[in-house]
Amino acid sequence: MTTAEIQALNDAHIINTYGTRKIAMQRGDGMRLWDADGREYLDFFAGIAVVNLGHCPASVTEAITEQARTLVHVSNLYYIEPQVKLAALLCEKTFADQWFFCNSGAESVEAAIKLARRYWAQKGTPKPVILSANESFHGRTIGAVTATGQPKYHEGFEPMLSDMGKFDYGDIAALEAAVTDKVGAVLLEPIQGEGGVRIPPKGYLEAVRKLCDDKGILLIFDEVQTGLGRTGSLFAHTQCGVTPDIMTVAKGLGNGVPIGALGCTAEAATGFSVGSHAATFGGNPLCSAAALATVTALTEPGFFEAAAEVGAYFAEGLRGLAEKFDTILEVRAAGLMIGVEMTKPVGPLVAAMIDSGVICGPAGPNVLRFLPPLIVSKEDIDTVLSKLETELGAF
Ligand SMILES: Cc1ncc(COP(=O)(O)O)c(C=O)c1O
């Protein structure tokens, strides 16, 4: 089909919630995408931080193909070999002792909210209030969107979930002031993604951990965007040496095959028991096989170090552009999660970059965001920096 034919069917039959660009991607390979009209793009967005290994990496494609031939779905009423192998690998590589699998980031956040509430209810000391940060993003289900600290996502959907409080991100005194004896959990992105690639001050996550310990509060890190190597380590929180009680994961976990997960300590896991939570598709053979192949490839020795090094190279190049263009206010980078704060809305710049063959996106109105696959080369980065320099000249 041509782009025009696909667009006609899209406009007739798809509910317009995305403001979709008039491009139909049809093929991907590594860092590159090709659209229905045969145009080539360099992908610096990875399907919103999802295809961290690039498009169609052989090991994941083989795992999916093999599993699709063998068994796609059976439900969690039976043991699932790829799922238990995935859980064991994730336990080996993270703080978590146990896992629950679902289908998306929002679902993993929803599971975390439910687990935290039930944990305290089971103990006989109900503490239903969950605190999350202003400007955060946690997904679109009603619990996750209530936790999301951006009122524009709440409009028209009220009433929101009750007993959900907010605090200013990066300010430990603000969190302290929001704590009451009804607060059972704090939900936090180690780096805010959709809120504009906001990196908290040094020592902040450690201070949050300490506050939670002092007050008897569960700490939930939402690593849906920061996880799976995006910031230079398997999960971002390991870089500050503190662990949460519960962690939410999705996006890069299946390198594009939908899978979400909640990992937690054995103690936090006692909040759930048989029948208390479920997902029909959660961790089914197909998505678990994809995730197992993905995490295996991501955790090859040296992979993150290489990604962190090219991330630093990219950030340095962007800071060079910031010296030339007054429209750039700040470059914020953690591994290959990069935000460039501009003086004005970035919509036209994103459109111009895509027209020039580079896929990137915004993070809030004024932040240009790059989330390339972690296999990106310095050569690809040089190409993007040069195109960005040209587009900034006209911005
Ligand atoms: C930090 C964070 N949490 C949760 C979500 C929601 O994930 P999903 O779109 O898979 O529901 C996102 C999506 O951008 C996210 O960035």
Side-chain angles (χ1 to χ4, degrees), residues 15 17-20 45-52 100-116 130-150 152-154 157 161 164 166 169-170 185-200 205 208 219-231 234-237 244 246-264 279 281-283 287 290-291 294 332 334-339 359-364 367 369-371:
I15 297 175
T17 61
Y18 293 103
T20 313
F45 216 50
I48 326 182
V50 170
V51 292
N52 288 358
F100 174 86
F101 292 102
C102 52
N103 309 290
S104 69
E107 258 189 73
S108 64
V109 169
E110 209 68 37
I113 293 170
K114 288 181 72 179
L115 178 62
I130 314 277
L131 296 179
S132 58
N134 289 317
E135 310 306 328
S136 62
F137 186 84
H138 297 290
R140 304 297 196 117
T141 54
I142 202 74
V145 87
T146 305
T148 292
Q150 302 187 52
K152 68 178 180 193
Y153 293 119
H154 299 172
F157 298 115
L161 194 65
M164 304 282 283
K166 293 286 177 307
Y169 189 71
V186 168
L187 167 62
L188 199 64
E189 293 162 271
I191 293 170
Q192 287 191 331
E194 300 302 306
V197 189
R198 290 184 199 285
I199 302 171
L205 297 180
V208 172
L219 177 57
I220 306 165
F221 281 152
D222 182 345
E223 290 254 19
V224 167
Q225 187 157 152
T226 49
L228 284 311
R230 177 58 43 199
T231 71
L234 187 58
F235 291 101
H237 70 263
I246 300 169
M247 170 168 76
T248 58
V249 182
K251 286 194 182 283
L253 185 56
N255 206 61
V257 177
I259 178 167
L262 174 154
C264 63
F281 294 125
C287 65
T294 302
R332 295 189 286 268
L336 283 161
M337 182 167 178
I338 297 177
I359 305 295
C360 57
V367 178
R369 183 168 42 152
F370 294 104
L371 302 162

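All values below were derived from every heavy atom in this structure, side-chain atoms included, with hydrogens, water molecules and symmetry-related copies excluded. One-based numbering, in listed order, for ligands and for the atoms of each.
- Using a 4.0 Å cut-off between heavy atoms, Glu194 contacts ligand 1 through its side chain alone, with no backbone atom that close.
- Counting only distance, with no hydrogens or angles, the side chain of Asn52 and the backbone of Leu228 share a donor-acceptor pair below 3.5 Å.
- Distances below 4.0 Å separate heavy atoms of Ser104 from the following atoms of ligand 1: 10 (O), 11 (O).
- A salt bridge links Arg369 with Glu194: at least one charged nitrogen is closer than 4.0 Å to a carboxylate oxygen.
- The shortest separation from a heavy atom of Lys251 to ligand 1 is under 4.0 Å, placing the residue in contact.
- Counting protein heavy atoms only, atom 7 (O) of ligand 1 is closest to Gly105 CA, 3.3 Å.
- For atom 3 (N) of ligand 1, the nearest non-hydrogen atom of the protein is Asp222 OD2, 2.7 Å.
- Summarising the local packing, CD1 of Ile142 is surrounded by more than 12 heavy atoms from other residues, nucleotides or ligands at distances under 6.0 Å.
- For Glu189 (side chain) and Ser136 (main-chain N/O), no donor-acceptor pair under 3.5 Å exists by modelled atom type.
- For atom 9 (O) of ligand 1, no protein heavy-atom neighbour is found at a distance under 4.0 Å.
- Of the possible donor and acceptor atoms, none in the side chain of Gln225 sits under 3.5 Å from a partner among the backbone N and O of Ile48.
- Taking atom 16 (O) of ligand 1 as the reference point, the nearest protein heavy-atom neighbour is Gln225 NE2, 2.9 Å.
- At a 4.0 Å heavy-atom cut-off, ligand 1 touches Ala106 through backbone and side chain alike.
- Of the listed residues (Ile48, Val224, Val50), the one carrying the non-hydrogen atom nearest atom 5 (C) of ligand 1 is Val224.
- Using modelled atom types, no side-chain atom of Arg230 and backbone atom of Met337 make a donor-acceptor pair closer than 3.5 Å.
- Proximity of Glu189 to ligand 1, defined as any heavy-atom pair under 4.0 Å, is confined to the side chain (atoms from C-beta onward).
- Of the possible polar contacts, one joining the Thr146 side chain to the Leu161 backbone as a donor-acceptor pair under 3.5 Å is found.
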